[in-house]
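Report on one structure; see the data block that follows.
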Amino acid sequence: MSAISTLLRTRVSLGSIDLDGADLLAVVPLVGSLVAGLLAYPTLPAEMAVHFSGGGADQFVAKSVGVWLAPAIGLAAVAISRRRSEYSGPFRAVVLGFVGWVVALAHGYVLAWNLGHQLSSLVVLVPAVGGSLVVALLGKTDFGS
């Protein structure tokens, strides 16, 4: 039995919410990025940079918003994506996992930047664009149906 098939058969119930392996693939990194934000909260600046252009930050929000915003958007995107009927089987796991991991990566980038680690935006852009292409190509094959 492969690790992927085991993951896809995994089921977790959280009260009235039932999650499968594809859901977990998306939710775990988002919750992890939220926990990272909460742990870093005391050392984050009062105003957090959340958007970057031309090598610098150009949009800021209150720290309380900056810690919660990306994970909340990611969880909402996962909730919407998981209801789409055209996403099934392994492709559903790819789509949901992509959404969760890219948003968590972006949130990690925001946290790192605000903690003084000004990394290149390519850290987020390359996986996001590359992953988008992979998801789009998989969607055009039998894997996506």
Does any non-hydrogen side-chain atom of W101 lie less than 4.5 Å from one of L30?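 They are not in contact (no side-chain heavy atoms under 4.5 Å apart), so the answer is no.
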Can you tell if the side chain of P127 reaches within under 4.5 Å of the side chain of V102, non-hydrogen atoms only?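 Side-chain contact under 4.5 Å: no.
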Separation between CD of Q118 and OH of Y109, rounded to the nearest 0.5 Å: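 Q118 atom CD to Y109 atom OH measures 8.0 Å (nearest 0.5 Å).
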Find the distance between OG (S120) and CG (L125) and round it off to the nearest 0.5 Å.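 Answer for the OG-CG pair, S120 versus L125, is 7.5 Å.
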Closest heavy-atom contact between V78 and A26?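 Closest approach of V78 to A26, heavy atoms only: CG2-CB, 3.6 Å.
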Taking all atoms of both residues into account, what is the closest heavy-atom pair of A112 and L119, and its distance?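 Reported closest heavy-atom pair: CB-CD1, 4.4 Å.
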Please check if [X] and [Y] belong to a single hydrophobic cluster, counting links between Ile, Leu, Val, Met, Phe, Trp and Tyr side chain heavy atoms closer than 4.5 Å.
X	Y	value
V61	I73	yes
W68	L75	no
V124	L69	yes
V31	L105	no
F60	L115	no

For residues 34-51, dump all side-chain donor-acceptor pairs below 3.5 Å to protein atoms at least two apart in sequence or in another chain.
from	atom 1	to	atom 2	distance (Å)
T43	OG1	A40	O	2.9
H51	ND1	D58	OD1	2.6
H51	ND1	D58	OD2	3.4

Is the number of heavy atoms from other residues, nucleotides or ligands within 6.0 Å of CH2 (W113) greater than 12?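 Yes, the 6.0 Å shell around CH2 holds more than 12 heavy atoms from other groups.
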Can a donor-acceptor pair be found, under 3.5 Å and without considering hydrogens, that links the side chain of H107 to the backbone of V67?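 A pair under 3.5 Å: yes.
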Please tabulate, for the side chains in residues 131-138, all donor-acceptor contacts under 3.5 angstrom to protein atoms that are two or more places apart in sequence or on a different chain.
from	atom 1	to	atom 2	distance (Å)
S132	OG	A128	O	2.7

